[in-house]
Amino acid sequence: MEEYMKRALTLAEKGWGYTNPNPLVGAVIVKNGKIIGEGYHEYFGGPHAEVNALKNAVEDVKGSTMFVTLEPCSHYGKTPPCVEEIIKSGIKKVYIAMEDPNPKVSGNGIKRLKEAGIEVHVGMMEKEARKLNEIFFKYITTKFPFVILKSAMSIDGKIACYNGNSKWITNEKSRKFAHKIRGRVSAIMVGVNTVIKDNPMLTTRLEGYKNPVRIIVDSRGRIPLNSNVIRDKTAKTIIATTELMPNNKRKKLEDMDIEVIILKNDNGKVPLKELMIKLGERGIDSVLIEGGGTLNWSAFKEGIVDKVMFFISPRIIGGKNALTPVEGIGFSSIENSIELKDVEIDRIDDDILITAYVRK
């Protein structure tokens, strides 16, 4: 029966980038050993996976079994409760990958289904379901964005040559995959030095993927007003700064429809933990950091990073002055350094992608 839950998980992935800050959910309806209906949560505010599966059913679902990747909701939000639709449909059995951590749901949907006489099983492929919704699970329980730090480097740990040249360290497939990650998160964050040096667009240049909100960390207001991230309106841009930004620069930015978040000056830097709280309040559930070594060090130092994705190219750059993924002063002892867990290693042609989670 796991094949049906696997199908539901595959369907759920189709909602990547469009359901934030809601979860990714897929549902499959099975009757007499065949799939008769399936659906997924397609976009924020739209019908949930269970409702779409019921709507798409090609025959009467009465007496059938539903496989769903997350506990059906039992409360009124953007849409009516899914459990009531399931009960009304006549489905007799429901397999749920895992309980919803949302306090508004958390066990209530399961309880309601059981009260209606429906046989409920919880836990099938829970590990896979939990990983699929790692962003949602953190945000719904903490209101703090899930933070991914991504970097691309040579096999000897350099992100650029000694003269700053960095295009391109990784191969085309790796860069395309990195753009997919951009399309899956709510926001992308870089430091102002990256904007000044590279003048990037910070958009997702892939069909079918949305552009994330652009977050520029700029403690003193040094961002040029003709930067692509300021002039381009295909994505929203937020400048995270401190009181060190001149008032006239702030006004110019706001007159150009750029949101400016003023935070307390932290020794000339933007306090990133406080910034994450502000972003969470704005409904931003996930942030992809694509900064340089200075921003990356600050992110690790302040403890905001949940997951790292390091693309490693099989090339040697060398140079004691060449930049590395994490700069700053560094840790004074190995025991205080950042430890990673649940490490996964993948090949993208000749490149290597290492994905891991920060041990809190």
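- Every side-chain contact (heavy atoms from CB on, under 4.5 Å) that S337 has, sequence neighbours left out, goes to F331, I334.
- Two residues are said to be in side-chain contact when any heavy atoms from C-beta on lie closer than 4.5 Å; K92 and E119 fail this criterion.
- Across S64 and I29, no two heavy atoms sit closer than the pair OG-CG2, 3.3 Å.
- Between H121 and Y95, the two ring planes are parallel [angle under 30°; tilted spans 30° to 60°].
- Using a 4.0 Å cut-off between charged nitrogen and carboxylate oxygen, D285 and K138 do not count as a salt-bridge pair.
- Within a 6.0 Å sphere centred on CD of E335, heavy atoms belonging to other residues, nucleotides or ligands number 12 at most.
- Here K34 pairs with E59 in a salt bridge; the nearest charged N to carboxylate O distance falls below 4.0 Å.
- A donor-acceptor contact shorter than 3.5 Å links the side chain of Y139 to the backbone of G280.
- A continuous path of ILVMFWY side-chain contacts below 4.5 Å connects V308 to M189, so both sit in one hydrophobic cluster.
- Judged purely by atom type and a 3.5 angstrom limit, S227 has no side-chain atom pairing as donor or acceptor with the backbone of I230.
- Under the 4.5 Å side-chain heavy-atom criterion for ILVMFWY residues, no single connected hydrophobic cluster contains both M124 and I91.
- Classification of D306 and K360 as a salt-bridged pair holds, one side-chain N sitting under 4.0 Å from a carboxylate O.
- Between the side chain of E71 and the main chain of G109, a donor-acceptor pair closer than 3.5 Å is present.
- Residues L9 and L11 form no side-chain contact, since every pair of their non-hydrogen atoms from C-beta on lies 4.5 Å or further apart.
- A salt bridge does not link E281 to K143: none of the charged nitrogens lies less than 4.0 Å from a carboxylate oxygen.
- Note: the hydrophobic cluster containing I262 does not contain V217 (ILVMFWY, side chain heavy atoms under 4.5 Å, direct or indirect links).
- Counting heavy-atom neighbours within 6.0 Å of N32 CG, excluding the residue itself, gives a total of 12 or less.
- Within the 3.5 Å criterion, the main-chain N or O of P200 finds no donor-acceptor partner in the side chain of D198.
- Considering SG of C161 and NZ of K167, their distance stands at 12.0 Å, rounded to 0.5 Å.
- Between Y18 and Y43, the gap from one ring centroid to the other reaches at least 6.0 Å.
- Between E172 and K176 there is no salt bridge, since none of the side-chain N atoms of the basic residue sits less than 4.0 Å from a carboxylate O of the acidic one.
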Exercise. Take I216 and I238, measure what side chain to side chain contact (heavy atoms under 4.5 Å, CB included) needs, and give me the verdict at the end.
Key: CA-CA 6 Å; I216 313 301; I238 296 175; over 6 Å; no
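- Summarising the geometry of I169 relative to A160, their closest heavy-atom pair is CD1-N, 4.0 Å, with the distance given to 0.1 Å.
- A distance-only check finds a donor-acceptor pair linking the side chain of E243 to the backbone of N265 [under 3.5 Å].
- By the 6.0 Å contact criterion, CG on N247 is open, its count of non-hydrogen atoms from other residues, nucleotides or ligands being 12 or less.
- Distance alone, capped at 3.5 Å, places no donor-acceptor pair between the T194 side chain and the V190 backbone.
- A heavy-atom distance below 4.5 Å is found between the side chains of I329 and W297.
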Practice problem: Report the C-alpha distance between L288 and I181 in whole Å, list the side-chain angles of each, state the deciding distance to 0.1 Å, and finish with yes or no for side chain to side chain contact (heavy atoms under 4.5 Å, CB included). | Solution: CA-CA 8 Å; L288 175 66; I181 301 168; 4.0 Å; yes
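- At distances below 3.5 Å, at least one donor-acceptor pair connects side-chain atoms of N56 with backbone N or O atoms of N52.
- Using modelled atom types and a 3.5 Å distance limit, the side chains of N171 and D351 yield a donor-acceptor pair.
- Note that OG of S154 and CD1 of I317 are 4.0 Å apart. Values are rounded to the nearest 0.5 Å.
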Practice problem: Show the numbers, then the answer: is there a salt bridge (charged side-chain N to carboxylate O under 4.0 Å, His left out) between R214 and D232? | Solution: CA-CA 11 Å; R214 299 174 288 212; D232 174 63; 2.9 Å; yes
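- When hydrophobic clusters are built by joining Ile, Leu, Val, Met, Phe, Trp and Tyr residues whose side-chain heavy atoms come closer than 4.5 Å, directly or via intermediates, V83 is grouped together with L70.
- Comment: K131 does not engage E134 in a salt bridge, judged by the lack of any side-chain N to carboxylate O separation of less than 4.0 angstrom.
- The side-chain tip of R130 points at the ring of F137 from less than 6.0 angstrom away and within 45° of straight on.
- Note that CE of M309 and CD1 of I148 are 6.5 Å apart. Values are rounded to the nearest 0.5 Å.
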Exercise. May I have the step-by-step check of side chain to side chain contact (heavy atoms under 4.5 Å, CB included) for R175 and F177, ending in yes or no?
Key: CA-CA 5 Å; R175 298 197 299 274; F177 185 76; over 6 Å; no
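- Taking the side chain as every heavy atom from C-beta outward, L272 and L275 approach each other to under 4.5 Å.
- Of all the heavy atoms in V94 and I118, the pair that sits closest is CG2-CG2, 3.8 Å.
- The closest donor-acceptor contact from the side chain of T242 to the backbone of L263 lies at 3.5 Å or more, if one exists at all.
- Put simply, the side chain of V213 does not reach to within 4.5 Å of the side chain of I188, judged on heavy atoms.
- Residues P101 and F136 are in side-chain contact: their nearest non-hydrogen atoms beyond the backbone lie under 4.5 Å apart.
- For the residue pair T204/R182, the side-chain donor-acceptor check at 3.5 Å is not satisfied.
- Here the side chain of K307 pairs no donor or acceptor atom with the backbone of K150 at under 3.5 angstrom.
- The closest side-chain heavy-atom distance from R282 to I261 is below 4.5 Å.
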Quiz prompt | Candidate pair E259 and I239, rule side chain to side chain contact (heavy atoms under 4.5 Å, CB included), full reasoning | solution = CA-CA 6 Å; E259 182 179 358; I239 307 296; over 6 Å; no
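- Here the straight-line distance linking atom CE of M125 with atom CD1 of I96 works out to 15.5 Å at 0.5 Å rounding.
- Nearest approach of A356 to L340, heavy atoms of both residues: CB-CB, 3.9 Å.
- Put simply, the side chain of M153 does not reach to within 4.5 Å of the side chain of K158, judged on heavy atoms.
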Quiz item: Checking salt bridge (charged side-chain N to carboxylate O under 4.0 Å, His left out) for the pair E38/R7: CA distance, chi angles, key distance, verdict?
Solution: CA-CA 9 Å; E38 56 182 34; R7 175 58 184 165; 2.7 Å; yes
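- Both V260 and V229 are part of a single hydrophobic cluster, where members link through side-chain heavy atoms under 4.5 Å apart.
- For E302 and K273, the salt-bridge test fails: no basic side-chain N is under 4.0 Å from an acidic carboxylate O.
- Shown here for V326 and N296, the closest heavy-atom pair between the two residues is CG2-CB, 4.3 Å.
- For the pair T203 (side chain) and N211 (backbone), a donor-acceptor distance under 3.5 Å is absent.
- Environment of NZ in K6: sparse, with no more than 12 heavy atoms of neighbouring residues, nucleotides or ligands closer than 6.0 Å.
- In terms of heavy atoms, S219 sits closest to G268 at OG-O, 2.8 Å.
- With 3.5 Å as the limit, one finds a donor-acceptor pair spanning the side chains of N193 and R222.
- The CE atom of M201 sits 5.0 Å away from atom CG of N228, with the distance rounded to the nearest 0.5 Å.
- Rounded to the nearest 0.5 angstrom, R231 CZ and N199 CG are separated by 8.0 Å.
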